[in-house]
Amino acid sequence: TEELKLPASTYSIISDESPWCQVAREYLALRKLKATDYPYFVSESPSYLGRVLIPYYYRDKLVYWQGRSLDPSIEPRYKNPVVSKENILFNVNELLRYTEEPLYVTEGPLDALSLGSNAVALTGSSLTEFKIRELARAARHRRVVFVIDKNSRGRSLGEQVLRAGV
């Protein structure tokens with residue numbers, strides 16, 4: 001996976017370099033997330049204005065990000081870089097950790113962050129061969145718990161998980 005760069009005019013939300021920094025901090029607080037617990041960003045770039053950017057790292061390399069709208073009027077709700085998500089997992093480094101803690105698997109990164117450092121996100125509601133393989137590998141040494149959304153996509157994901165035997 002190649003390293004990406006965040007969009008132009010991107011700022012850490014713990015700064016006040018953009019009026020969106022405060023909006024992003026308030027949005028995260030409503031979700032019971034602390035702005036200082038993860039390196040969230042906002043951007044003044046027209047493509048990502050009004051979104052909190054959640055970076056995805058693999059071995060300290062930026063490989064993806066999710067732009068989550070901060071206001072319901074901003075569509076689409078998610079805006080991401082134009083790269084394949086097939087081999088992308090949020091907090092993928094957690095798969096490499098040997099621990100007795102369960103591994104929680106969610107659909108989105110904010111859900112994973114709300115569960116703690118021992119959670120990964122699929123970045124959507126579908127499993128790819130890569131994701132099945134990596135989660136099955138993690139399941140050899142720790143319990144894997146799927147925490148999925150209660151909607152039709154979540155039900156579909158649950159069916160995929162059962163078929164895959166992860």
Side-chain angles (χ1 to χ4, degrees), residues 1-7 10 12-13 24 27-28 30-41 43 47-48 51-70 75-166:
T1 306
E2 73 177 67
E3 186 165 16
L4 300 179
K5 292 194 183 319
L6 288 169
T10 296
S12 166
I13 68 166
Y27 172 83
L28 292 171
L30 288 172
R31 296 192 67 145
K32 310 267 190 277
L33 294 167
K34 294 180 183 171
T36 54
D37 286 349
Y38 194 75
Y40 302 100
F41 296 91
S43 178
S47 296
Y48 290 96
R51 298 174 185 282
V52 61
L53 302 183
I54 307 151
Y56 288 44
Y57 297 100
Y58 175 63
R59 297 188 176 177
D60 298 324
K61 194 169 76 170
L62 179 67
V63 294
Y64 193 76
W65 70 81
Q66 183 175 81
R68 172 64 162 90
S69 66
L70 294 168
E75 290 288 335
R77 186 164 56 162
Y78 301 103
K79 186 160 181 142
N80 311 311
V82 183
V83 297
S84 172
K85 298 190 301 187
E86 191 171 296
N87 296 340
I88 300 290
L89 285 161
F90 176 78
N91 199 23
V92 68
N93 293 330
E94 180 62 20
L95 294 176
L96 308 174
R97 194 165 71 98
Y98 282 82
T99 177
E100 291 186 14
E101 292 179 350
L103 174 69
Y104 295 105
V105 182
T106 67
E107 293 178 46
L110 291 177
D111 293 329
L113 286 161
S114 73
L115 292 172
S117 63
N118 59 320
V120 298
L122 299 172
T123 311
S125 53
S126 63
L127 288 172
T128 63
E129 288 301 317
F130 169 81
K131 293 174 184 178
I132 291 168
R133 186 175 60 250
E134 294 304 310
L135 292 169
R137 184 176 293 148
R140 288 186 208 141
H141 58 87
R142 65 198 288 196
R143 189 167 52 114
V144 176
V145 178
F146 282 81
V147 183
I148 55 181
D149 294 351
K150 295 178 183 176
N151 58 26
S152 61
R153 288 182 176 164
R155 280 190 294 281
S156 175
L157 174 58
E159 292 167 2
Q160 289 177 58
V161 169
L162 292 172
R163 278 195 305 274
V166 180

Inset, instruction - Determine, stepwise, if the pair Arg137 / Glu134 fulfils salt bridge (charged side-chain N to carboxylate O under 4.0 Å, His left out). - result: CA-CA 5 Å; Arg137 184 176 293 148; Glu134 294 304 310; 3.1 Å; yes
Inset, instruction - State, yes or no, whether a side-chain contact exists between Leu135 and Leu122 at a heavy-atom distance under 4.5 Å. - result: yes
Inset, instruction - Enter the distance from Arg142:CZ to Glu94:CD here, rounded to the nearest 0.5 Å. - result: 4.5 Å
Legend entry - Glu75 atom CD, over 12 foreign heavy atoms within 6.0 Å: yes
Legend entry - Pair Tyr27 and Tyr40, ring centroids less than 6.0 Å apart: no
Inset, instruction - List the atom of Gly67, the atom of Asn80, and the distance in Å for their closest heavy-atom pair. - result: N-OD1, 3.6 Å
Inset, instruction - State, to 0.1 Å, how close Pro7 and Leu53 come at their nearest heavy-atom pair, and which atoms those are. - result: CD-CD1, 3.9 Å
Legend entry - For Glu86, side-chain hydrogen bond (donor to acceptor under 3.5 Å, both in side chains) partners two or more places apart: none
Inset, instruction - Provide the closest heavy-atom pair for Pro55 versus Phe41 in the form atom of the first, atom of the second, distance. - result: CG-CE1, 3.9 Å
Legend entry - Straight-line distance of Asp37 CG to Ser117 OG, nearest 0.5 Å: 10.5 Å
Inset, instruction - Tell me, please, which residues at least two apart from Arg31 pass salt bridge (charged side-chain N to carboxylate O under 4.0 Å, His left out). - result: Asp111
Legend entry - Qualifying residues under side-chain hydrogen bond (donor to acceptor under 3.5 Å, both in side chains), relative to Thr123, sequence neighbours excluded: Tyr56
Legend entry - Residue pair Leu28 / Ile13, side-chain heavy-atom distance below 4.5 Å: yes
Inset, instruction - Answer whether the closest heavy-atom distance between the side chains of Thr99 and Asn118 falls below 4.5 Å. - result: no
Inset, instruction - Kindly give the heavy-atom pair with the smallest separation between Tyr64 and Leu62, and that separation in Å. - result: O-CD1, 3.3 Å
Legend entry - 4.5 Å side-chain heavy-atom contact, Pro109 and Tyr38: no
Legend entry - Closest non-hydrogen atom pair, Val147 against Tyr104: CG2-CD2, 3.9 Å
Legend entry - Pairwise side-chain contact, Arg97 with Leu103, heavy-atom cut-off 4.5 Å (strictly under): no
Legend entry - Distance in Å, Tyr58 OH paired with Asn91 CG, rounded so as to fall on 0.5 Å steps: 12.5 Å
Inset, instruction - Report the residue from Gln160, Arg133, Arg163 that forms a side chain to side chain contact (heavy atoms under 4.5 Å, CB included) with Leu127. - result: Gln160
Legend entry - Closest non-hydrogen atom pair, Tyr48 against Pro81: OH-N, 3.6 Å
Legend entry - Separation of Ser69 OG from Lys79 NZ (nearest 0.5 Å): 11.5 Å
Legend entry - Euclidean distance, Leu95 CG relative to His141 NE2, rounded to 0.5 Å: 8.0 Å
Legend entry - Separation of Lys5 NZ from Thr10 OG1 (nearest 0.5 Å): 12.0 Å
Inset, instruction - Report the C-alpha distance between Leu96 and Arg59 in whole Å, list the side-chain angles of each, state the deciding distance to 0.1 Å, and finish with yes or no for side chain to side chain contact (heavy atoms under 4.5 Å, CB included). - result: CA-CA 10 Å; Leu96 308 174; Arg59 297 188 176 177; 3.7 Å; yes
